[in-house]
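The structure under discussion appears below in the form of structure tokens.
Numbers restart at 1 for each chain; the letters A, B, ... are given by sequence-line order, proteins then strands. Predicted model only: the values in this text are computed from it and were never measured.
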Amino acid sequence: MTVSEIDVAPPELVCPAGTPAALRAAVEAGADAVYCGLRNATNARNFPGLNFTPDELREAVAFGHSRNVRVFLAVNTFPPAGHFDLWREAIDVAHDVGIDAVVLADIGVADYAAGTYPELRRHLSVQAGAASPEAIRYFCDAYAIRRVVLPRLLTVAEIRLLCSAIPCEAEVFVFGNIGMMAEGRCSLTSYATGTSTNMDGICSPACDVRFDPIEGNTTAARIGPFLIDRLPSDERTGYPTICKGRYFRADDDRPYYAFEEPRTLNLTGLLAELIAAGATAFKIEGRQRSRAYVRSVVAAFRAAINSGAVGRSPDLGDVAESGRETLGAFGGKQWR
Amino acid sequence: MALAPAEAARLTLGPVPFNWSPDDWRDFYFRIADESAIDDVYVGEVVCSKRSLFFDELYPAVVQRLTAAGKRVILSTLAMVFLSGDRATMAQLCASPDALIEANDVSALFHLRGRPHHVGPFVNVYNERTLDVMARAGAENVCLPAEVPADVIERVCQRARSTGTTIEVQSFGRMSLALSARCYHARAHGKTRDGCQFVCGREQDGMVINTLDGAPFLVVNGNQVLSFTWLSLLGVIGALKRAGVTRFRLAPHSCDMVQVSSIFRRVVDGDLAEDEGFAELLAAVPEADFANGFYYGRPGHSWTSP
């Protein structure tokens, strides 16, 4: 199947912007929309050196709109009690700078956004973990959610069923890091380091990641006190996360990837099927990645969508994490 | 020093997360009914719906035995709902008119809006405003996620006084850290979820995962990841009660849960000092490596002396 065989509008290409420079690169490479975060715990990529000040966000919106590109703000973490004001301010900033949509996960934050700015377009973040029509309708009914970013655990057939049963648009991840755990429901980093992905917006914080040279030509990757993997020092590897580490079962001495191999999700081969299933937007992951990554991935997907030849795989191998790719859950039930 | 008694505090037992044999599962609940000091018992398959077929026929007898013993039974829903069969089961369960249900997924909240229900630890309630929304929709009780620290528990409890919601915290047992659509138990044995042959039934308390340098780290239980360490908040029961927590949840394990519940009962009721209770707990569960880091805002695997 190719895109040209499908009688629907081409999907919106939603691209990551970790910095103003990456945002510019994404826009110039052909993004239809970009998503960003503020420089604090209100978004799930709260890494040092990333993200936008309110002023930068205002400029980003102006630049995006001058190129007919929409700008979304991810406010997709879970405010701990006593700290709600930071998330409230993020929603206020989004409204004040004219953001095109806020991408939300917490029910309380959605309640605030919908109650305070009914006209501010609301998307449901993948971090909300809404994987069934009922869960999605819960948010649509209560907070007039216009689009859901689907969890990366459904097959294409399941996405088709889901899209026919929800009253909003569906945005589907097509490229980038693939989280193995149900989004918004993972405390592995918190358990190992004390920094919470849900509350602090950081998975695998750099300050807790260590690479120690050990005997031979080997490097030990640690998160907090826990050894996540041992790797040849010259091997190109992705950024270490607990869910992509190698471990032993207690009764077996062969190390294995207990959860998933370090691979990059790449659905270029499934784009047409996803459109036919009802996806209205394609999302590229990677706000923590370089401007060069953003430029090449966005350009490749822009070309794939424009040419209508989405069944063919554009050359993306050099930006994939450790060079290996996967269809993840989208490829079929055998992934589970 | 023993704590002053507080009449409202209740001891609860979370749903069995493991795939025990049907006989073991039934006998466990019968013994809880007959011998334990637990007030409220959550029952239901929370992790993997494939297991349900072994247990469905046992529910009536288990619920009857618990109820007859004076326990309040609450039915817990599946934590990961996306397969169509599971959606139908969920809708059916939530439609049962007489049952009190604990929602472990927003799908369940969808069905339970407007009627009394509980909200389980797999639903993300981290703050006052989310608690308000839950309470307005009929939540009578909210069990907080394991990772929230003491100050968050305290603030949520403050708000809960005005919403009339009770707040529950897990106080014992391995902590749930992650869920997935993938079955990691099947994966460990070279299988997939559909062809799993129920290998998750091989370990009573989950399958331990060690790091490459031999440190026990995590525990796989089907599509759930648990901590290797066992949570104990026994040393801070008094502080939790002062904060406003009225329900203390024990996570079921294959150890002697009657004895564990007895220790918690006496500490919660003020009949046993916290430190003495913890000494008893160490003796009762020698296999457990205890942690309480989340409570102190530290890494969850860590231990801080209360």
Does B/Val123 have any side chain to side chain contact (heavy atoms under 4.5 Å, CB included) partners at least two apart in sequence or in another chain, and if so, which? B/Leu109, B/Val119, B/Val125
Quick check: do A/Glu158 and B/Leu83 have side-chain heavy atoms less than 4.5 Å from each other? yes
If we only count heavy atoms from C-beta on, is the A/Tyr143 to B/Val133 side-chain gap below 4.5 Å? yes
At a 4.5 Å cut-off on heavy atoms, which part of B/Asp194 comes close to chain A: side chain, backbone, both, or neither? side chain
With a 4.5 angstrom heavy-atom cut-off, is it the side chain or the backbone of B/Asp105 that approaches chain A, or both, or neither? both
Salt bridge flag under 4.0 Å for residues A/Asp111 and B/Arg136: yes
Give, as side chain, backbone, both or neither, the part of B/Leu131 having an atom under 4.5 angstrom from any heavy atom of chain A. neither
By a 4.5 Å heavy-atom criterion (distance strictly below it), what part of B/Arg159 contacts chain A: side chain, backbone, both, or neither? neither
Could you look at B/Val156 and say if it's the side chain, the backbone, both or neither that has a heavy atom under 4.5 Å from chain A? both
Assign the ring pair A/Phe226 / B/His301 to parallel, tilted or perpendicular, where the plane angle (0 to 90°) is split at 30° and 60°. perpendicular
Are any of the side-chain heavy atoms of B/Arg187 and A/Tyr257 separated by less than 4.5 Å? yes
Close contacts, residues 160-173 of chain B versus chain A, judged by heavy atoms under 4.5 Å: none
At a heavy-atom separation under 4.5 Å, does A/Arg222 approach chain B through its side chain, its backbone, both, or neither? side chain
Honestly, the part of B/Pro149 sitting under 4.5 Å from a heavy atom of chain A is side chain
Using heavy-atom distances under 4.5 Å, tell me whether B/Ala108 contacts chain A through its side chain, its backbone, both, or neither. neither
Do the side chains of B/Phe217 and A/Ile242 get nearer than 4.5 Å, heavy atoms only? yes
Minimum side-chain heavy-atom gap B/Glu147-A/Asn198 below 4.5 Å: yes
